[in-house]
Number of protein chains: 2
Amino acid sequence: MYTISEVAKLLDVSTHTLRYYEKENIIIPDRNENKERLYSDMHLKWLKFVMKLKQTQMPIAKIREYARLFEEGEHTTQARLELLENHLLSIQNQLETLASTEKMLEEKINKYREFINQSKSETVK
Amino acid sequence: MYTISEVAKLLDVSTHTLRYYEKENIIIPDRNENKERLYSDMHLKWLKFVMKLKQTQMPIAKIREYARLFEEGEHTTQARLELLENHLLSIQNQLETLASTEKMLEEKINKYREFINQSKSETVK
DNA sequence: ATTTGACTTAGAGTAAACTCTAACGAATAT
DNA sequence: ATATTCGTTAGAGTTTACTCTAAGTCAAAT
């Protein structure tokens, strides 16, 4: 079991953020006799998954919705599947946008480099 | 030349957002005799570039910085190059994150599909 | 015994990026 | 002539996701 500051360090988030996620019903850790939060390996695994969703632009509200469906039990598997399928589509769109912007930027960067090199050689003249 | 609502439609943003970008010094269109905004093809091209940067998570502040460097003239090419190079790195990081999350989601989705199919066949029994 | 450090809570504050409102002006449609 | 449409401005309001503050509890270290 991990304390809130251990989890914060492990996942590179602030303790504030972890408490905020709890308030938003995204992760509800256990408590010790002293009411302090204790996170298990399962909690950690779920949080890592949440971070992946966050890093790929899933809003907190959608993550909360997925968490809620999970809590509701097996009859929500179809809904969870659909939510994940939608997010997969969003990821694929983002991949396309990023790839095309990457290409565009590489071209622009090359033009800048050419321009800068040309300016330098003219300066030497 | 395009009016603000034409540009809004063409680029799928609101007129509010276009005025906001102007306030943020990201795009300054011309004006007609009636003080109404008029965007040229050059403005449109720049706006499309801005949208690409936005879609790949460049903050407005950085976009404004790039615009400002551009206004300042040729002696800022090195700074502009560096800004674009940094954003290219950010895009490459995002691509990695998205690719690995895509893989993870595909696996999870497959497990959900298996589970749902299995449940169905058991229901038939 | 007291200080230090890590934790607790409720709730306030912040930053980014819009998004909307109100009050007005000009041009076109009926 | 008046109503509608499209534009203008300054500035207020909203949403998202934190981020911080204040006041307190508790256990270990000096």
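Naming convention: chains lettered A, B, ... in sequence-line order (proteins, then strands); numbering from 1 in each chain. Just so it is clear, the structure is predicted and the values come from calculations on it, not from any experiment.
- Per the geometry, CG belonging to B:N25 stands 15 Å off P belonging to C:dA17, to the nearest Å.
- Across the interface with DNA chain C, nearest-nucleotide mapping of B:M58 and A:K23 shows A:K23 to be the residue nearer the 5′ end.
- Straight-line distance from the CD1 atom of A:I26 to the C1' atom of D:dT16: 12 Å, rounded to whole Å.
- For the pair A:E106 and A:K111, the salt-bridge criterion is not met [side-chain N within less than 4.0 Å of a carboxylate O].
- Across the interface with DNA chain D, nearest-nucleotide mapping of B:I4 and A:E33 shows B:I4 to be the residue nearer the 5′ end.
- Residue contacts for B:S5: at a heavy-atom cut-off of 4.0 Å it reaches the sugar-phosphate backbone alone, with no base atom in range.
- Atoms CD and CD, on B:Q94 and B:Q92 in that order, are 10.5 Å from each other to the nearest 0.5 Å.
- Taking 4.0 Å as the cut-off between side-chain N and carboxylate O, B:E72 and B:R68 count as a salt-bridged pair.
- Counting any heavy atom pair closer than 4.0 Å across all strands shown, A:R19 reaches a base atom.
- Between A:R37 and C:dC7 there is no side-chain N or O to OP1 or OP2 distance below 4.0 Å.
- The interatomic distance linking A:E22 (CD) with D:dT19 (P) rounds to 18 Å, in whole Å.
- Rounded to a whole Å, the CZ atom of B:R64 is 11 Å from the C1' atom of C:dA16.
- Here the side chain of B:N34 is nearest to one of C:dC7, D:dC18, C:dA26, namely C:dA26.
- The phosphate of C:dC18 (OP1 or OP2) has a side-chain N or O of B:Y21 nearer than 4.0 angstrom.
- Two residues, A:S14 and B:E6, neighbour DNA chain D, and the one matched to the more 5' nucleotide by heavy-atom proximity is B:E6.
- Nearest heavy-atom pair, B:P29 versus B:R37, reported as atom, atom and distance to 0.1 Å: CG-CG, 3.7 Å.
- Backbone-only engagement by B:K54 is indicated by non-hydrogen atom pairs under 4.0 Å involving sugar-phosphate atoms exclusively.
- Taking atom NZ on B:K35 and atom P on C:dC24, their separation rounds to 18 Å, with Å as the unit.
- Regarding B:H16, its NE2 atom lies at a distance of 22 Å from the P atom of C:dA16, rounded to whole Å.
- Salt-bridge formation is not detected for the pair A:K120/A:E114: no Lys NZ or Arg NE/NH1/NH2 atom is positioned less than 4.0 Å from an Asp or Glu carboxylate oxygen.
- Nucleic acid contact class of B:T3 (heavy atoms, under 4.0 Å, all strands): sugar-phosphate only.
- Between the CD atom of A:Q57 and the P atom of D:dT15 there is a distance of 21 Å, given to the nearest Å.
- To the nearest angstrom, P of C:dA6 lies 16 Å from CG of A:L38.
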